[in-house]
> 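Dropping the structure in here first, questions after.
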Amino acid sequence: MSSSDFDEFDAFAGYEAQSLSARAMPGGPPGDAAYLDGLNPEQRAAVETLDGPVLVLAGAGTGKTRALTCRVAHLLRTGRARPNEIFAVTFTNKAAREMKERVGALVGGAVEGMPWLGTFHALCAKLLRRHAELAGLKPNFTILDTDDQLRLLKQLIAAENIDEKRWPPRMLAGLIDRWKNRGWTPANLPADEAAAFGGKGGRLYADYQERLRTLNAADFGDLLVHVLTIFQAHPEVLATWRGRLRYILVDEYQDTNVAQYLLLRLLAAEHRNICCVGDDDQSIYGWRGAEVGNILRFEQDFPGAAVIRLERNYRSTPHILAVASEVIAANERRLGKTLWTDETEGEKVRLIGHWDGEEEARWIGEEIEALTRGTRGMEPVSPEGIAILVRASFQMRAFEDRFLNIGLPYRVIGGPRFYERLEIRDAMAYFRLAVSPDDGLAFERVMNRPKRGLGEKAAQSVNLIARERGLTLVDAARALVAEGGLTARARGALGRLLEAIDRWHEAVRAGADHVALAETILDESGYVDHWRNDRAPDSAGRVENLKELVKALEQFENLQGFLEHVALVMDNEQEDGAAKVSIMTLHAAKGLEFPVVFLPGWEDGLFPSQRSMDENGLAGLEEERRLAYVGLTRARRLAVVSFAANRAVFGRWQSALPSRFIDEMPPEHVEVLTPPGLHGGPRGRAAVAGGRGAAGADGRLRAIEGLAGVVRGSELEERAARAGAYDSPGWRRMQARRAAPSAAPVVIDARAAPAFALGERVFHQKFGYGAVQAIEGDKLTVDFEKAGVKKVVAGYVTAADDVPF
DNA sequence: ACGGGTCGTATTTTT
DNA sequence: TACGACCCGT
């Protein structure tokens, strides 16, 4: 590991030679500070106030990223800081990557040596590797994934004879996470917290940390807490880093938790060169331990701080801004900003109610098709300019189903992630073993995968030996084999596995080509074959994923580097070029923007989420409202809010009232559309009759009526039509399409619908391999080898490439 | 040890 | 619905 753990001063050595001229500049900016041109006065202040504490309150769409990247460039160009002296923290890996790119574009290659730009977790991992011994770890400690963590906790809970049903491991994981977010170690855990989890919380926490240390492992929260603890307990270490990291930059400051806040305060205490950028109105990670208080309190923490407000919005139309501002104004706990824009033109925010979630999805699909053709009174919008932002991921399904049906290309952002897939984690556990054969968790995971006849009993024996003799799991397994434990059969299997692990490890040590080695491992372990022979329809997809994984390895120097990357950077961006509509959660949408944004599911209970309100009361509601604000402000030209009167949840029908956030939208900036399903038919009336029993519902309904009257059937529909709010030819056309679902499919993007020949062998991620039986338009009938005959959209299959693994 | 069946319960949001 | 935990027969 230590080889990839490069020293930032090495990196710096390369930099110094080429940038001496820039550093020699005395004081002021260099002559060609073109990056300062075009900044507005506030942005400029944010860029040029380099020394001392600075808080930049940046509203949505106010050019925050630009100011931030310019600031870094400015620090470098003025010679104020060298690349390795800037500690720049972003919230996501994506943001880090983006910043790296943009700074690079501004100042040229010099950013190569910016080793301290990344997420809190990535930066802390780096720091912790340097000082691992101070936390009782070795520098090559492994970073646990959620799976490993849960398995470990489960064992501990079982060992304590606690009923797993009443006290689920997930709950304990949540608790421990919360404690770590606050910077609490088992030693300084408050007594009332330790009493959680049936009185055994504190005890289990201590046990868990102990186990982690034995396994030479750290979980996500540990990365922060260990570094924090080290800084607190070792002033000389802290002093070193204070001297090295002279300029601190924090993006999305509103999302920092207590541990992160304490860490920053320690690092910045002396030089006080800390610049925090954030927007209290976009604090949406309270459930993960984020403390809005951090940003609200900044001026007290750093007296004399310069506070700069970015309020000029360059993104959205005035209508969108007005609606977003009005909604967020209902929050009490905020610093308060007033977004403004020079723009005067633009569409109002659209609002529409539907009978149920399915219809909502159908309508949005049709609306998107219309938008891409430019028939909605706007210039045509390309599919990649359109996003659907949902509150919870289960809402995505309705859209996926519908879009698959009509052949509308889409992509789910942040869905089930590549590196979280079962087969990928298994494969990675094998890689971990090859790198460090004493990785007990990895061993446990793959010991009987594929099935080798090493079941529960064998696992227990190994565990028992390990505990009795204080050995690692792998060493315990070795002992068991050597001493003739287990049945002959099991012993043979275990012995072969251990031999293989030794062989792979030897290959790693000998510096064998890691891509080839990975293939060997997957082959020799029998893991790929196991999926090849599996008869489940999705097993072919898994084999494909494994190929993909091996391909991904090529971009890394060795297995170690790859594993570190995956542990910290769980995202995977696969740009495949085709123009697609994006579907994602509101959380995932933060920091992004789209010409057109659909915001479905605005129903009380779903959004704002009932759970949020139950668990966190008013604070929970306010966070939901910030989520609404984030959603609305993603839109540049058009935002469409919708809700459904009925929705299938767990396969059970539930009716709901429109979201209270809808009441908060200013009517003069909203255009109300009449839903196609509510034109006088019995369904429409039922929609009004159903789900209106609750007390207070009448008031709510009246409020909506004032704004919308959306769920009211033909009378209001006519009124809306008279008011010109609804484009009735378009509506009739949609009706026609609804009545004739088999009408010719609309091909949005020719690239998304490649041509296939009859009989051609194709691959589908979900259904595996098959032969094309029939083609109509962009729809194929495919006889899948394992999943049977299915109709699929051509965009979702690829020509099969039977490259041997 | 393992596969197949039934039953119960769960769904925010993610580094 | 959909995935797991659990039970049973092989």
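Each chain gets a letter, A, B and so on, in the order the sequences are listed, and its residues count up from 1. Because only heavy atoms are used, hydrogens play no part in the values below, and waters and symmetry mates are left out as well, while side chains stay in.
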> Between A:Phe598 and A:Phe399, is the ring centroid distance below 6.0 Å?
no

> Below 4.0 angstrom, N of the basic side chain to O of the carboxylate: do A:Arg445 and A:Asp145 qualify?
no

> Measure all distances between protein nitrogen or oxygen atoms and nitrogen or oxygen atoms of nucleotides 1-7 of chain C, and list the pairs falling under 3.5 Å.
residue : atom : partner  : partner atom : Å
C:dA2   : OP1  : A:Arg397 : NH1          : 2.9

> Salt-bridge test for A:Arg333 and A:Glu622: reply yes if a basic N is under 4.0 Å from a carboxylate O, no otherwise.
no

> Specify the separation, in whole Å, of atom CH2 of A:Trp167 and atom P of B:dT9.
17 Å

> Rounded to whole angstrom units, what separation is found between the CH2 atom of A:Trp287 and the C1' atom of B:dT15?
9 Å

> Rounded to the Å, how far apart are A:Phe394 CZ and B:dA10 C1'?
11 Å

> Would you call the rings of A:Phe562 and A:Phe556 parallel, tilted or perpendicular if under 30° counts as parallel and over 60° as perpendicular?
perpendicular

> Tell me what A:Tyr285 touches on the nucleic acid: a base, only sugar-phosphate, or nothing, going by heavy atoms under 4.0 Å.
sugar-phosphate

> Please list, pair by pair, any protein nitrogen or oxygen found under 3.5 Å from a nitrogen or oxygen in nucleotides 1-6 of chain B.
residue : atom : partner  : partner atom : Å
B:dA1   : OP1  : A:Gly455 : N            : 3.4
B:dA1   : OP2  : A:Glu456 : N            : 3.4
B:dA1   : OP2  : A:Lys457 : N            : 3.1
B:dC2   : OP1  : A:Gly453 : N            : 3.1
B:dC2   : OP2  : A:Asn448 : ND2          : 3.0
B:dG4   : OP1  : A:Arg535 : NH2          : 2.9

> In whole angstrom, what separates A:Leu128's CG from B:dT15's P?
20 Å

> Rounded off to whole Å, could you give me the CD-to-P distance for the A:Gln654 and B:dT11 pair?
15 Å

> Is the closest basic N to carboxylate O distance between A:Arg397 and A:Glu400 below 4.0 Å?
no

> Any idea how A:Phe607 and A:Trp602 line up, ring-wise: parallel (<30°), tilted (30 to 60°), or perpendicular (>60°)?
perpendicular

> When you match A:Glu615 and A:Phe120 each to their closest nucleotide on DNA chain B, which lands nearer the 5' end?
A:Glu615

> Please tell me whether A:His530 and A:Tyr527 form a close aromatic pair, meaning their ring centres lie under 6.0 Å apart.
yes

> A:Gln149 has an atom CD; how far is it from atom C1' of B:dT14, in whole Å?
13 Å

> How about CD on A:Glu358, more than 12 heavy atoms from neighbouring residues, nucleotides or ligands closer than 6.0 Å, or not?
no

> Does the plane of the ring in A:His121 sit parallel, tilted or perpendicular to the ring in A:Phe220? Use 30° and 60° as the thresholds.
tilted

> Mind calculating the distance between CE (A:Met171) and P (B:dT9) to the nearest angstrom?
17 Å

> Does a side-chain N or O of A:Thr92 approach OP1 or OP2 of B:dT14 to a distance below 4.0 Å, or not?
no

> Starting at atom CG of A:Leu586, determine the distance to atom C1' of B:dT14, rounded to an integer number of angstrom.
14 Å

